[in-house]
Amino acid sequence: MTDLISASGDIAAADAEVLVVGVFSGEDAPVLPESLASVDAAFGGRFAEQLATLGNTGGASSLTRLPAPDGLAAKLVVAVGLGDAEHLDDEILRRAAGTAVRAAFGKDTVAIAFEGDPEATATGAALGAYKFDGYKTGGNGAERNGDDAPQTVAVYGASEAAVAKATVLAESVALVKDWSDTPANLLRPPAFAIEIEQAATAAGIEVEILAAEALSAGGYGGVLAVGGGSSAEPRLVRLSYRPEGAAKHVALVGKGITFDSGGINIKPGAGMWDMKGDMAGAAAVVGATLAAAKLGLGVNVTCTVALAENMLSGSSFRPSDVITIRGGMTVEILNTDAEGRLVLADAISRALEDEPDALYDVATLTGGQPIALGRRTMGLMGTEAETERLRRIGEATGEHGWPMPFPEDIVKLMESSIADVSQCATGLKRDGHMVQGGIFLSKFVPEELPWAHLDIAGPADSDSTYGYISKGATGRPVRTLVALLEEFAA
Ligand code: BES
Ligand code: MN
Ligand code: ZN
């Protein structure tokens, strides 16, 4: 992993191969902040003019590379546009830093100086340095192959604390991405449970793993039904972070389907490979819990993740089955591909037994989510105060979300004539597909409890590389969850 370093003083004096500087947009040429006076001097006072000649007038995330002039220790100068100086915000900084660090792959040392909050710059730089190692034989990852992330990035103006926090966030996000992009054969529920246990133990978090026998004894009918078709047993993993003096208790719950074939209601072949990432919700809540512990946040966190592989076999559950969720509620199954809500119902029910002050569940739950909101905005369902809180936090972190209603006609569609609740809308109507999932989960959460359900089916993954986001798993919404936990911390 790239080492972030806190640095201060004039970036022109930095002892790094690459200098990354931020410039603002201007009419004919970029506007240089005063802090770049000595860099400009090294360019003979013609830095802005040269950038303009190369087509860079400072638009957000525009990027220009120039050979460094004599007088700078660096070899390469990378100028990144930060847009209009009046409208600078943290997300612009994170994206610009991420773009710049990716442009510096293959170089060892980078120094970066932007105006604005250096913690945002540090976070964007650390996130942008991510690379999935992959499985090619002959050494990608372990050996240097010319396109690897810089070894060090010095962030000018960032305090030790800012750098430490950015590092923790980026490490958690990287772990979540690694897990989410791991092929499904290499991360089945028992293996995933052990990986979570190892990461949590290393962070000083208490771990409990429930295997098949404990799940049967505990009445976890959702997890057992969904995991029943696989030769790899399901698991329920619980992490308890209990810092001294913490007053509040937050429950985090995640969907951990290590592969979603759809089960008996098998999915179409095209795109099924994406379903290796159907455990991104579980990965994200674990990642946030690890970050909370590493940052020493003063809030109790219990993280419950339900891990199962949704497969087809003679022991698969089927449409028409009635199953019993932990706590006793019965559910009529209509479609085995709507498996996430079943494992979540068990996990939520278990999480509530600890009487948390608030509960948040995260899941790649419905294909309806990206259809309604696109691939960069998560769907937020739950109590008004909590969905609004996550919308507000998401705007600050750049992990956007939008609150959804529970319309009465869709609520009505979720009634079953033979069980306490129907798994999906009767007749499998697609109306309000995403909110069907939220409405189903709401049946397992007491009305007065602060709660939000985050549907991240789209945002968990990106089909392109931009800013600090790389193609593939995104690690969303780890940073939002950490910011949420900070609000509960004493
Ligand atoms: N894991 C999927 C949802 C999903 C779709 C996540 C695309 C990421 C990308 C979920 O288990 C699923 O299959 N949902 C069904 C529900 C339906 C059968 C009621 C869906 O969205 O079609
Ligand atoms: Mn499914
Ligand atoms: Zn699924």
Side-chain angles (χ1 to χ4, degrees), residues 180-181 184 187 189 192 222-223 225-230 234 253-284 305-312 316-321 331-347 361-379 381 404 410 413-414 416 421-441 453-463 472-474 476-477:
S180 301
D181 276 339
L187 200 74
F192 192 17
V223 176
V226 173
S230 170
V253 173
K255 167 181 174 180
I257 302 299
T258 61
F259 187 72
D260 182 11
S261 70
I264 298 291
N265 293 97
I266 192 168
K267 286 181 181 294
M272 200 197 274
W273 51 82
D274 263 352
M275 290 299 117
K276 70 177 178 181
D278 209 18
M279 31 52 70
V305 291
L307 315 181
E309 190 180 35
N310 190 20
M311 297 292 270
L312 306 82
S316 294
F317 74 132
R318 26 182 132 37
S320 88
D321 285 2
V331 179
E332 180 184 4
I333 305 300
L334 296 180
N335 187 324
T336 60
D337 197 11
E339 82 298 336
R341 60 197 72 182
L342 306 174
V343 303
L344 283 176
D346 270 342
D361 73 83
V362 184
T364 48
L365 205 68
T366 67
Q369 183 279 316
I371 289 172
L373 291 170
R375 294 195 50 174
R376 295 187 187 179
T377 304
M378 54 190 169
M381 286 144 273
M404 292 290 133
I410 314 293
L413 287 174
M414 303 294 291
S416 165
V421 55
S422 178
Q423 175 207 25
C424 306
T426 43
L428 283 177
K429 286 208 180 74
R430 306 282 287 184
D431 309 31
H433 202 186
M434 164 172 40
V435 299
Q436 287 182 23
I439 291 166
F440 176 86
L441 295 175
H453 158 59
L454 288 65
D455 193 335
I456 59 162
D461 234 44
S462 177
D463 50 12
T474 60
R476 285 189 183 118

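Order of appearance sets the numbers: ligands from 1, and atoms from 1 within every ligand.
At least one side-chain heavy atom of Pro189 sits less than 4.5 Å from a side-chain heavy atom of Glu309. A 4.5 Å side-chain heavy-atom check between Leu307 and Met279 finds every atom pair outside the cut-off. The shortest side-chain heavy-atom distance between His433 and Gln369 does not fall under the 4.5 Å cut-off. For the pair Gln436 and Arg430, the minimum side-chain heavy-atom distance is 4.5 Å or more. Side-chain atoms of Leu344 and Phe440, non-hydrogen and from C-beta on, never get closer than 4.5 Å to each other. By the 4.5 Å heavy-atom criterion applied to side chains, Pro319 and Leu334 are not counted as neighbours. Using a 4.5 Å heavy-atom threshold, the side chains of Glu332 and Gln423 count as separate. Residues Ile410 and Asp431 are in side-chain contact: their nearest non-hydrogen atoms beyond the backbone lie under 4.5 Å apart.
The nearest heavy-atom contact from the protein to atom 21 (O) of ligand 1 is Gly367 N, 2.6 Å. With respect to atom 9 (C) of ligand 1, the closest heavy atom belonging to the protein is Met275 CE, 3.5 Å. Looking from atom 16 (C) of ligand 1 to the surrounding protein, the closest heavy atom is His433 NE2, 3.7 Å. Of the protein's heavy atoms, Leu365 O, 3.3 Å lies nearest to atom 10 (C) of ligand 1. Ranking protein heavy atoms by distance to atom 2 (C) of ligand 1, first place goes to Asp260 OD2, 3.6 Å.
Checking only distances, Arg341 never comes within under 3.5 Å of ligand 1, N or O to N or O.
Each of the atoms 3 (C), 21 (O) of ligand 1 lies under 4.0 Å from some heavy atom of Thr366. Listed by number with element, the atoms of ligand 1 under 4.0 angstrom from any heavy atom of Glu339 are 11 (O). Close approach of ligand 1 to Asn335 (heavy-atom distance below 4.0 Å) involves ligand atoms 18 (C).
Checking Asp278 against the Mn ion (ligand 2), every N/O/S atom stays at or beyond the 2.8 Å cut-off.
Assignment of Lys267 to the shell around ligand 1 is supported, since a heavy atom sits closer than 4.0 Å.
Residue Asp260 approaches the Zn ion (ligand 3) most closely through its N/O/S atom OD2. Glu339 has its closest N, O or S atom to the Zn ion (ligand 3) at the position named OE2.
Judged purely by distance below 3.5 Å, without hydrogens or angles, the side chains of Ser261 and Asn310 never pair a donor atom with an acceptor atom.
The angle Lys255:NZ - the Zn ion (ligand 3) - Asp278:OD2 amounts to 100°, with values rounded to 10 degrees. Take the Mn ion (ligand 2) as the corner point: the lines to OE1 of Glu339 and to OD2 of Asp260 open at 100°, to the nearest 10 degrees.
When all heavy atoms of Cys424 and Asn335 are compared, the pair lying nearest together is SG-CB, 4.3 Å. The nearest pair of heavy atoms linking Met434 to Ala372 is CE-CB, 3.6 Å.
If you look at Gln423 next to ligand 1, there are no close heavy atoms at all, none under 4.0 Å. Of all the heavy atoms of Lys255, the ones lying under 4.0 Å from any atom of ligand 1 belong exclusively to the side chain.
Between the choices Ile371, Asp337, Val343, Thr364, the shortest heavy-atom distance to atom 14 (N) of ligand 1 belongs to Asp337.
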